[in-house]
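Taking it in order: structure first as structure tokens, then the write-up.
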Amino acid sequence: MDQTKHIGNVNQHGSNSSRLSSPLPAGGLPTESSYFDFLTDLQQDTRLHDMELGALTKQPAPIAAQLSPSLSTASSTPSSPQAVVSVLVASNQSQRVAGAVCINLTQPAEASQPQQAPIRTHSWKLVNYLLIPCLLPIIGLYLLLALLLAVAVTFTITPSYLLARQLYWACPFIPYIWKSDNIRDRVGVVGSWLLRVQFEGAHCITVLARLFSLPLRPHLPDFYILGFPKCGTTSMASYLTTHPAISGLAGMPGNEVFSKESHFFNGILGRSSTNSRLLYKSFFPTIISRWWAEAVLGVERWMCFDACPTYACLPHVAARVKEVSPHAKLIVMVRDPVASVFSAETMLRNMGVPLTWSLQQPLAGDGAADPRFQFSAEDAAFWHDLECLPPEAPLPADLPVRFYTHLHSYVMAARFADRLRPWVEAFGQHNIMLVQYQQFVQDPEATVMQALQFLGANTSRYQFKAQPARMVGDYKGAKVHSSVAAWLQSNWFPDSSTALADMLRTHKGA
């Protein structure tokens, strides 16, 4: 794909708006509900051009075909017939239940049936009812020694410093938290320094304890909550982990972010470590978690997951996830793209990150001349390099800073249909579930139940209990300027919104 054409000239996106048969609401899309009303109109009125396979099967165009118009000037001709066959195996079907939309391919009948409970073989019974119970004291002692060793090594200072340095490279917004007025007004300068030391020590102990107990951690994720940022990923993870068959990360205790997000593919353990299956296993629970769920609680199949909202945004991640978890299922949360960008801006500002841009200011001129949206060829080249980055290659040195602080990265990440394309190509449509944020908020129980059905979990073992809102943005009265919202919706997001609406379109509506 020619990213210079796609990104370098933002006005190219404006030309795509002529494809929309439903006009954008006047004054932009100020609310979540109006955005999804707009998507609903698109589902009814918009018809993207069918690719040849879709026309032959008399079915809606597959997601990949729906994505291709959103790739601006990229060639719509596949590189080879094999490429078409590998991605467009069959026609697209959508099934919508109370706010969640599960994208499925037409599959053989046996693939679409609910998963049957695994047969408890003699070897399974031997391991889970005899071997592990007999070894529990030894396993418990081993885990305790691993923890004590991690604490002892942490107090040598050097490991804590090195791991914190790598953490702050992968998540460059964290150091600003300790300097922010929110923290220093509450605890003072000395208190903020002590909080930083405590956080770095806890991070080091968590990482080392997991590494020292790596022989007891054979698991990789069965599914991912990919994002997008500020779209309800934390809340979805909180609901799913209340099911007895589902566990999240073996994360940092007491930390809302690092208890669910590994940031492994963002380089939290090193720029060159993101293709290591062994290191990635260290983030997940031990064999005791699986034994407790299956042998003690009696669930049919235990599952674990990673919920990192930046994974959906970065184009290099899909191939790396495919390498380590080739059969994983994916849950993707989406919302109004402008609201997503502004919510991320608000969160970073509350952390004390000194952003050089803001969506609160009115649009300058007609928008094309607004300095905020004058993205450089370097921005385009950076994004193109990420898309072409081989799975075994180290991450670019400037990746985190560019991703977390540049407006260009946020508007690119909010082109949801474009960002989903590598995931569709890697995992197939039948392994992807889209969830609308606003309807998830309105009816979390029905949405979570469908997520469990999508994952193959036994819904009869789940008892819904309302969870407190997680990672709630504190806007402090701030709002995205209506002129900026309208311009972004008309010039950056219309073709992506069209493709997303087609993904969300029900099979009946097609």
Side-chain angles (χ1 to χ4, degrees), residues 110 113-154 204-225 237 240-254 258-260 262 264 269 273 275-307 321 323-329 452-453 455-463:
E110 62 271 17
Q113 296 299 319
Q115 290 188 348
Q116 296 181 352
I119 299 174
R120 305 306 195 194
T121 63
H122 291 297
S123 59
W124 185 94
K125 294 177 180 178
L126 177 65
V127 170
N128 287 277
Y129 293 149
L130 180 62
L131 186 59
I132 291 182
C134 291
L135 293 177
L136 274 180
I138 297 175
I139 294 173
L141 180 61
Y142 179 87
L143 291 174
L144 177 61
L145 291 176
L147 177 60
L148 293 176
L149 181 59
V151 172
V153 172
T154 297
C204 184
I205 291 171
T206 300
V207 172
L208 292 179
R210 292 188 307 214
L211 291 175
F212 293 153
S213 59
L214 193 54
L216 298 177
R217 302 180 186 274
H219 307 116
L220 287 167
D222 297 279
F223 69 95
Y224 292 80
I225 304 176
L240 291 179
T241 51
T242 61
H243 191 287
I246 297 177
S247 299
L249 299 179
M252 185 189 302
F258 292 101
S259 62
K260 75 176 180 71
S262 73
F264 177 75
L269 293 184
S273 67
N275 59 350
S276 171
R277 292 170 59 91
L278 186 63
L279 285 178
Y280 194 33
K281 288 178 179 180
S282 71
F283 286 86
F284 299 97
T286 66
I287 57 174
I288 298 301
S289 295
R290 182 167 194 162
W291 169 78
W292 182 263
E294 293 186 353
V296 179
L297 300 182
V299 303
E300 290 83 357
R301 183 173 66 93
W302 175 82
M303 294 179 281
C304 61
F305 70 96
D306 191 355
V321 170
E323 289 284 327
V324 299
S325 305
H327 305 296
K329 289 183 177 290
L452 293 172
Q453 293 170 2
L455 297 172
N458 185 348
T459 56
S460 66
R461 298 294 303 269
Y462 179 71
Q463 184 174 359

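- Here the side chains of F283 and P221 are not in contact, with every heavy-atom distance at 4.5 Å or above.
- Atoms OG1 and CG, on T154 and L149 in that order, are 9.0 Å from each other to the nearest 0.5 Å.
- In this structure, L455 CG and H243 NE2 are separated by 9.5 Å, a value rounded to the nearest 0.5 Å.
- Looking at residues two or more places apart in sequence or on another chain, you find no side chain to side chain donor-acceptor pair (under 3.5 Å) involving S273.
- Legend: residues meeting side chain to side chain donor-acceptor pair (under 3.5 Å) with W292, ordered by chain and number and at least two apart, are absent.
- Judged as a side-chain contact (heavy atoms from CB on, under 4.5 Å), and not counting sequence neighbours, the contacts of L278 are L214, S276.
- Here the straight-line distance linking atom CG of L452 with atom CG of L240 works out to 5.5 Å at 0.5 Å rounding.
- Atom-to-atom distance recorded for S282:OG and L249:CG is 10.0 Å, nearest 0.5 angstrom.
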Trace of the side chain to side chain contact (heavy atoms under 4.5 Å, CB included) decision for I139 with I287: CA-CA 10 Å; I139 294 173; I287 57 174; 4.1 Å; yes
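- Between V324 and R277, the closest heavy-atom pair is O-NH1, 2.9 Å.
- For the pair R461 (side chain) and A245 (backbone), a donor-acceptor distance under 3.5 Å is absent.
- Listed by chain and number, the residues in a side chain to side chain donor-acceptor pair (under 3.5 Å) with T206 amount to none (sequence neighbours excluded).
- Here the closest non-hydrogen pair linking Y280 and S262 is CE1-OG, 3.9 Å.
- Here E323 pairs with P391 under the side-chain contact (heavy atoms from CB on, under 4.5 Å) rule; sequence neighbours left out.
- Taken from CG in L220 to CZ in F284, the straight-line distance is 6.5 Å, to the nearest 0.5 Å.
- Under the rule for a side-chain contact (heavy atoms from CB on, under 4.5 Å), the partners of A237 that lie at least two apart in sequence or sit in another chain are I225, K260, F305, A307.
- Evaluation of the salt bridge (charged side-chain N to carboxylate O under 4.0 Å, His left out) rule for R217 yields no partner, not counting sequence neighbours.
- Between W291 and L136, the closest side-chain pair of non-hydrogen atoms falls below 4.5 Å.
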Candidate pair D222 and I246, rule side chain to side chain contact (heavy atoms under 4.5 Å, CB included), full reasoning: CA-CA 10 Å; D222 297 279; I246 297 177; over 6 Å; no
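- A search for side chain to side chain donor-acceptor pair (under 3.5 Å) contacts involving N128 returns nothing, not counting sequence neighbours.
- Looking at heavy atoms from C-beta onward, L211 lies in side-chain contact with L279 at the 4.5 angstrom threshold.
- Y224 meets the ring pair (Phe, Tyr, Trp, His ring centres under 6.0 Å) test with no other residue; sequence neighbours excluded.
- Under the ring pair (Phe, Tyr, Trp, His ring centres under 6.0 Å) criterion, F258 pairs with H263, not counting sequence neighbours.
- A search for side-chain contact (heavy atoms from CB on, under 4.5 Å) contacts involving P285 returns S247, S289, W302, C304, not counting sequence neighbours.
- The ring pair (Phe, Tyr, Trp, His ring centres under 6.0 Å) search around Y129 returns W124, not counting sequence neighbours.
- Put simply, CZ on R290 and CZ on R301 are 8.0 Å apart, with the number rounded to the nearest 0.5 Å.
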